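So the structure is just underneath, and the comments pick up after that.
As the structure is a computational prediction, the values presented were derived from the model and not from experiment. All chains are named by letter (A, B, ...) in the order of the sequence lines, taking the proteins before the strands, and each is independently numbered beginning at 1.
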Amino acid sequence: MEYDVAAVEAKWQDLWERERIFYTTEDAERPKYYNLQMYPYPSGDLHMGHLRNYTYVDLLTRYRRMQGYNVLSPMGWDSFGLPAENAAIATGIHPREFTERQILRMKSQLRRLGAVYDWSRELACHTPEYYRWDQWLFLKLYERGLAYKSRSAVNWCEQDQTVLANEQVVSGACERCNSPVTRRDLSQWHFRITEYADRLLQDLEGLDWPERVKTMQENWIGRSEGSEFTIEVADGQGEFEVYTTRPDTIFGMTFAVLAPEHPLVEQLVAGGEHEDDIRSYVEKVSSASELERMTTGEKSGIFLGRYGINPANGRRVPLYIADYVLMGYGTGAIMGVPGEDQRDWDFATQRGLRILRTVKPPPGFEGEAYVGEGVAINSGFLNGLPTAAAKQRIIAWLEEKGIGRRAIKYRLHDWLVSRQRYWGCPIPMINCDSCGLVPVPEKDLPVIHPDVEEYRPKGQSPLALVADWVEVDCPRCGAAGRRETDTMDTFVDSSWYFLRYCDAGNSERIFDDDKVKYWMAVDQYIGGVEHAVLHLLYARFITKVLYDMGYSPAEEPFTRLFTQGMLVKDGAKMSKSRGNVVTPEPYYERYGADAIRLYELFIGPPTDDAVWIDGGVEGTARFLDRVWRLGMGEVGSVSDREPDRRDHAILGVAHRALRKVTADIDRFHFNTVVSTLMALINEVIAYLRGGGRTETFRQVYQMLLLMLGPLAPHLSHELWERLGYGGILATQPWPKWDEEIAREETVVMVLQVNGKVRDRAEVPVDIDEATAEQVALRSPRMQRWLEGGRIARVITRPPRIVNVVVE
RNA sequence: GCCCGGGUGGCGGAAUGGGUAGACGCGCUGGACUUAAAAUCCAGUGUCGCAAGCGACGUGUGGGUUCAAGUCCCACCCCGGGCACCA
């Protein structure tokens, strides 16, 4: 009988949804399993690359369900963001309309794949029901001093006409549009993520995450230990702080450098003889793009015409400004120690500054700066001390003098969350001339996102043009006030949505305590590695804040993280912008969703990038076709004969396959799950050709369908029903293997002479060493290689291998 | 420059602790069925030598440890990713 792909798939997709098979509520009786993928931006059409990820998640949902877990697998939409807005600029269609249309399309495509979710929990962050809680969250952070507005140099994307967080600048360019990022001095909203730097770093340890991602976060947070101390400017012109990880080298400081944006610079320059030159240098540097500043060649800089005092030895050292010193890190000023720092060495040699070694380099050292550890020299009272001891000693001395202290610095910056764009959540703050910044009262939430005429960004949010929205009375004094017109970074939306899924419909609270307590944390989180220092860091931060506030029961949101590889075609990641996408439609029509799913699983290890091969789906379709014909009785024959060793053998094969499939799903080796099932069916076909037994076949085939259920659900559900196995496949328990049946009775033992395979013998699995040795020595083929030699040793590893060593 | 991954047939890949290298699939070759094609089925398919039972070689390169190395150690080459003047 023909397998009608379209009809069968539609039938089961309909049933799963109608019967709400994968909808769920809290149930204390069953262990919970919160299975989640990073919610998608509703970009419209899914290509094969997307389907790979959805297949993994769906496989897990179905598999854990069969294992008896109460599985929560929700779906929602990261629906604020630039693409909808850019489309609006191009077409005039309102981003809301555009977005909602895309959501519907994507839902139908997920359904077509056979992906199942608890749709009763669907959320979309562009809806007031959702973003109202973004705003509530913002207010809570503000109350706790974790949200603040301040003026500083920020990253500005000229193309998108908005500021960007540090995490969104990749090699000096905008993460979204890839155009160069410049610096601007602007007053912007930040979240104080740096306050959580230490906890974010420390708690990484307990997470079952890929090492790679943990390392990326570790580096991004960039904790360093050292000390800071004060340098006085000669002739009473002020003082400034420097930070160093090598205070032990302080005697080697022969100059000092301030960042061009350092606040003291203005004071030091005013009235000085090089005033104009210095000002134009500062001008030049600060207007340069990140990319231009990131040169690694010649270090630019200029002498300030002033001197500082090295506190260790009282010597006068020249003060410079240079662009290799960054205002955003440490104190924005450094001591220049050319002997022990390569950057300072470069700067000093380019200008003929004095170089003094204060750590003794190892014999034969021929490099420039010596950055390793060693014994202090030319360092007054530190002389003779090894680096670690010298550090202790000098810090104690600085503290005693009251000019320095131990210090810890992070590379992590506070998270810049305001954006000058339209399609995002409005920041719930009001500016009042007399009260200053006033939060919108909680009862007035949500601050509804207004419609606008003009979406084009012009350096401020298009919301600023909606006068009757902007102009409000100050909630505190009643005078005329103006709303904040910036919107929030969409990463704010995504930093807590997984909590909202636990209680998505709640209109009274952000979510119910008991519900989040039951479901959190996410047991398995799946997404792309590109979010390692973006979403995955922000989500951890916000979860910790909510935990501290008593809202989240979990301090860490994602217990286990899996980052899948991308799908590659023609040497590049499959993506719309590269124009190398493979659309699933023709494959759905020819082979069906199950064949696509199976090939996505089979294509390679889920962690690795995989190359799309057009003919690949044909292989998995052929496999499914064989499964079908087998179930329909079109292969071989069965009868009600007595069981014999053929039955025993095929049952062993099936139970071993089950054991391997279970282990391989657990360790995310989905590609070998598929190959194991293929190997199983090849064996079953051979078995049936040799005359199968009705009951044995039934047992084996049931196991096969149960294993195939999470992978190729439509076909396996249909067969399960047609063969009258009872109930719906999805709700059957995952089968158990019997070690006794799975045990192999005989195995092929390898016989080697001097490590080379010379023969093989079928032997009982429980063969002992002595017998194994005899088998090897008696083999005629082995004897040919043993003749004339003296047997020095025989290594037996029964029942695997016997290696005879001859001389 | 530093920190992670990774180099296995024509291709995707397999080989949890050192123990049959190449499972499974794609592709290709030959055959069966067919008037023909498609579909399906059967056989073959790492390289070299051989008519063949067989032998030699073979997991990026060069060394090493071991009875035995894709797997462990040392050095190097190449590819991918992350960070990149962070004091």
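A:Glu205 CD: 12 or fewer foreign heavy atoms inside a 6.0 Å radius. Atom CZ of A:Arg626 is surrounded by more than 12 heavy atoms from other residues, nucleotides or ligands within 6.0 Å.
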* Structure fact -> 5' to 3', nucleotides 42-54 of chain B under a 4.0 Å protein heavy-atom cut-off (B base, S sugar-phosphate only, - none) gives S-----------S
* Asked: Going 5' to 3' along nucleotides 11-27 of chain B, which nucleotides have protein heavy atoms under 4.0 Å from the base (write B), which only from the sugar-phosphate (write S), and which from neither (write -)?
  -> -BSSSB--BBS-BBSSS
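A stem is defined here as three or more consecutive Watson-Crick or G-U pairs, each with both distances under 3.5 Å; for RNA chain B these stems are B:1-7 with B:77-83, B:10-12 with B:24-26, B:27-32 with B:40-45, B:46-49 with B:54-57, B:60-64 with B:72-76.
Only the P atoms considered, B:rC24 is 25 Å distant from B:rG31, to the nearest whole Å. The separation of B:rA43 from B:rG49, taken at their P atoms, amounts to 27 Å, rounded to a whole angstrom. Comparing the same atom, P, in B:rC48 and in B:rG10 gives a spacing of 10 Å after rounding to whole Å.
Residue A:Arg793 places no side-chain N or O under 4.0 Å from the OP1 or OP2 atom of B:rA68. OP1 or OP2 of B:rA87 has at least one side-chain nitrogen or oxygen of A:Tyr329 nearer than 4.0 Å.
Applying the side chain to side chain donor-acceptor pair (under 3.5 Å) definition to pairs two or more places apart or across chains, those involving residues 749-761 of chain A are A:Asp759-A:Ser779. For residues 675-692 of chain A, the set of pairs meeting the side chain to side chain donor-acceptor pair (under 3.5 Å) definition, not counting sequence neighbours, comprises A:Asp647-A:Tyr687.
Residues meeting the ring pair (Phe, Tyr, Trp, His ring centres under 6.0 Å) test with A:Tyr370, sequence neighbours left out: A:Phe365.
A:Lys409 comes within contact range of no nucleotide atom at all, as no heavy-atom separation falls under 4.0 Å.
Between A:Phe347 and A:Phe255, a ring centre-to-centre spacing shorter than 6.0 Å is recorded.
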* To do: Verify side-chain contact (heavy atoms from CB on, under 4.5 Å) between A:Thr249 and A:Met335, making sure each step is shown before the conclusion.
  => CA-CA 10 Å; A:Thr249 63; A:Met335 62 174 189; 3.5 Å; yes
* To do: Evaluate the side-chain contact (heavy atoms from CB on, under 4.5 Å) criterion for residues A:Glu368 and A:Gln342: first the C-alpha distance (whole Å), next the side-chain angles of each, then the deciding distance (0.1 Å), finally the verdict.
  => CA-CA 7 Å; A:Glu368 301 180 330; A:Gln342 188 60 43; 2.6 Å; yes
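Without hydrogens or angle criteria, A:Gln350 side chain to A:Lys299 main chain gives a donor-acceptor distance under 3.5 Å.
Annotated as anti: B:rG80, whose O4'-C1'-N torsion sits more than 90° from 0. A syn base is found at B:rG53: its glycosidic angle is within 90° of 0.
For the residue pair A:Thr620 / A:Tyr591, no side-chain donor-acceptor distance below 3.5 Å is found, with atom types taken as modelled.
Ring orientation note: the planes of A:His535 and A:His531 are nearly perpendicular, at an angle over 60° on the 30°/60° scale.
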